[in-house]
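These notes concern the structure reproduced below.
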Protein chains: 2
Amino acid sequence: MQEKLTSSLEDYLEVIYNFINKNSSVRAVDISRELSVSRASVSEALKRLAEKKLINYGRYDVISMTEEGKKHAEKVIEKHNALQYFFEEIMGLDGEEAGQTACKIEHIISENVLEKFTALKDFHKTNPEYAEEFKKYCREK
Amino acid sequence: MQEKLTSSLEDYLEVIYNFINKNSSVRAVDISRELSVSRASVSEALKRLAEKKLINYGRYDVISMTEEGKKHAEKVIEKHNALQYFFEEIMGLDGEEAGQTACKIEHIISENVLEKFTALKDFHKTNPEYAEEFKKYCREK
DNA sequence: ACAAATTGTTAGGCTTGCCTTACAATGACT
DNA sequence: AGTCATTGTAAGGCAAGCCTAACAATTTGT
């Protein structure tokens, strides 16, 4: 079901999802600003996402997401969050770099790897002493 | 010093480096087989790497690496190894998936993130009980 | 040494993803 | 309603990366 998307299209989808959830709608120009690309590029991306039936969209039309699109976006965001937690809370990177790194890796990891990161997060939450020990180790170097 | 390269060019560089170190020479066709791309694509990539002064190469010529090229390749390989260790020994993925994942992420992470992964590896080697605990946790789920 | 196989290059094509420029549609203000 | 700013689209261009097909150079085998 989950068709493979390019990193770029996943980025667009993610932004659309987040915007709709926050403000209940998105305009092409919002996406363009968020991703720092031209409005023309957004236009193209929307066309491609609509072709793949991940969003509902027609010329000058309101943007909405299909179920398929939502599912896909949620999966990407889930990966993002697991990675962000890992890099920030476990590896001790600052939020900025953790976020940037998560943004790139989220398009790469498989379902299986996501599960591992999620497990690691759960493990860390129930056993915070292990990560503490690692951070101490880093400081002492 | 370290000029930015695309993931693709880093892959070529890595293969060239590994081949030369193993067999003392590389041919375009070796690279083509290793990366599963056409010989034509290799030709283009070699031209681009030579332009960037990472390899020494001319028409029908032997391929050798410049100091700059070696340094860059070694850095990528260092990232690869740190990631491979992480995914295989710490996260418990099988070697195959650990390798594939490392291959993609190696092009993404910063020097800083590399250092973290390296530290985690050292930490894990001196304190194997922490990772053991995590693996146990995974098994019990 | 010469034919056959292998290897490397070139040319031309395709897709993705970006850009700019110019134009079309929409919205907001008076 | 008319004007102006904003927003969206279309057209045309560019680079990276890949491809195939045809051709050139090199190597191999006898």
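Chain identifiers are assigned alphabetically (A, B, ...) following the order of the sequence lines, protein sequences preceding nucleic acid strands; residue numbering begins at 1 within each chain.
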Determine the minimum heavy-atom distance between [X] and [Y], stating which atoms define it.
{"X": "K53(B)", "Y": "T66(B)", "value": "O-OG1, 2.8 Å"}
{"X": "T118(A)", "Y": "A82(A)", "value": "OG1-CB, 4.3 Å"}
{"X": "S110(A)", "Y": "E97(B)", "value": "OG-OE2, 2.6 Å"}
{"X": "E10(A)", "Y": "E106(A)", "value": "OE1-O, 4.4 Å"}
{"X": "Q84(A)", "Y": "A102(A)", "value": "N-CB, 3.8 Å"}
{"X": "C138(B)", "Y": "A119(A)", "value": "SG-CB, 4.2 Å"}

May I ask you to list the residues of residues 22-32 of chain A, by number, that have any heavy atom positioned under 4.0 Å from an atom of DNA chain D?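 Those residues are R27(A), A28(A), V29(A).
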Contacting residues from residues 33-45 of chain B, given that a heavy atom lies under 4.0 angstrom of DNA chain D: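 Heavy-atom contacts with DNA chain D come from S36(B), V37(B), S38(B), A40(B), S41(B), E44(B).
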How would you give the extent of chain B contacts on DNA chain C, as first and last nucleotide 5' to 3' within a 4.0 Å heavy-atom cut-off?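 First and last nucleotides in contact are dT7(C) to dT10(C).
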Just say parallel, tilted or perpendicular for the rings of F117(A) and F87(B), cut-offs at 30° and 60°.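 Ring orientation of F117(A) relative to F87(B): perpendicular.
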To which residues is V37(B) joined in a hydrophobic cluster, defined by side-chain heavy-atom contacts under 4.5 Å among Ile, Leu, Val, Met, Phe, Trp and Tyr, whether direct or through other members?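 Its cluster partners, ordered by chain and number, are L5(B), L9(B), Y12(B), L13(B), V15(B), I16(B), Y17(B), F19(B), I20(B), V26(B), I31(B), L35(B), V42(B), L46(B), L49(B), L54(B), I55(B), Y57(B), I63(B), M65(B), I77(B).
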Apart from Y60(A) itself, what residues make up its hydrophobic cluster, given side-chain heavy atom links below 4.5 Å?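 Besides Y60(A), the cluster holds no residue at all.
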For a quick test of reading the model: is some side-chain N or O of Y12(B) closer than 4.0 Å to OP1 or OP2 of dA16(D)?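 No, no such contact exists.
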Between K71(B) and E68(B), does at least one N-O distance fall below 4.0 Å, as a salt bridge requires?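 The answer is yes: the pair qualifies as a salt bridge.
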Quick one: salt bridge (Lys or Arg N to Asp or Glu O under 4.0 Å) partners of [X], sequence neighbours excluded?
{"X": "E67(A)", "value": "K70(A)"}
{"X": "E111(A)", "value": "K75(A)"}
{"X": "E133(A)", "value": "K136(A)"}

Give, ordered by number, those residues of residues 47-55 of chain B having at least one heavy-atom distance below 4.0 Å to an atom of DNA chain C; if nothing qualifies, reply none.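 Listed by number, they are K47(B).
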When rounded to the nearest 0.5 angstrom, what distance separates OG1 in T101(B) from NZ in K116(A)?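 T101(B) OG1 to K116(A) NZ: 11.5 Å, rounded to 0.5 Å.
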How many angstroms lie between atom CG of L120(B) and atom CD of E115(B), to the nearest 0.5 angstrom?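 Going from the CG atom of L120(B) to the CD atom of E115(B) covers 13.5 Å.
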Between D11(A) and E14(A), is there a side-chain heavy-atom distance shorter than 4.5 Å?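 Yes, their side chains come closer than 4.5 Å.
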Using nucleotides 24-29 of chain D, report all nitrogen or oxygen pairs with the protein that are shorter than 3.5 Å.
unit_1: dA25(D); atom_1: O4'; unit_2: Y60(B); atom_2: OH; d: 3.3

Residues that D30(B) engages under side chain to side chain donor-acceptor pair (under 3.5 Å), provided they are two or more places apart: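 If we apply the side chain to side chain donor-acceptor pair (under 3.5 Å) test to D30(B), skipping adjacent residues, the hits are R27(B).
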Which stems does DNA chain C form, counting runs of 3 or more consecutive Watson-Crick or G-U wobble pairs with both distances under 3.5 Å?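 Result, WC/G-U stems under 3.5 Å: C:1-30 with D:1-30.
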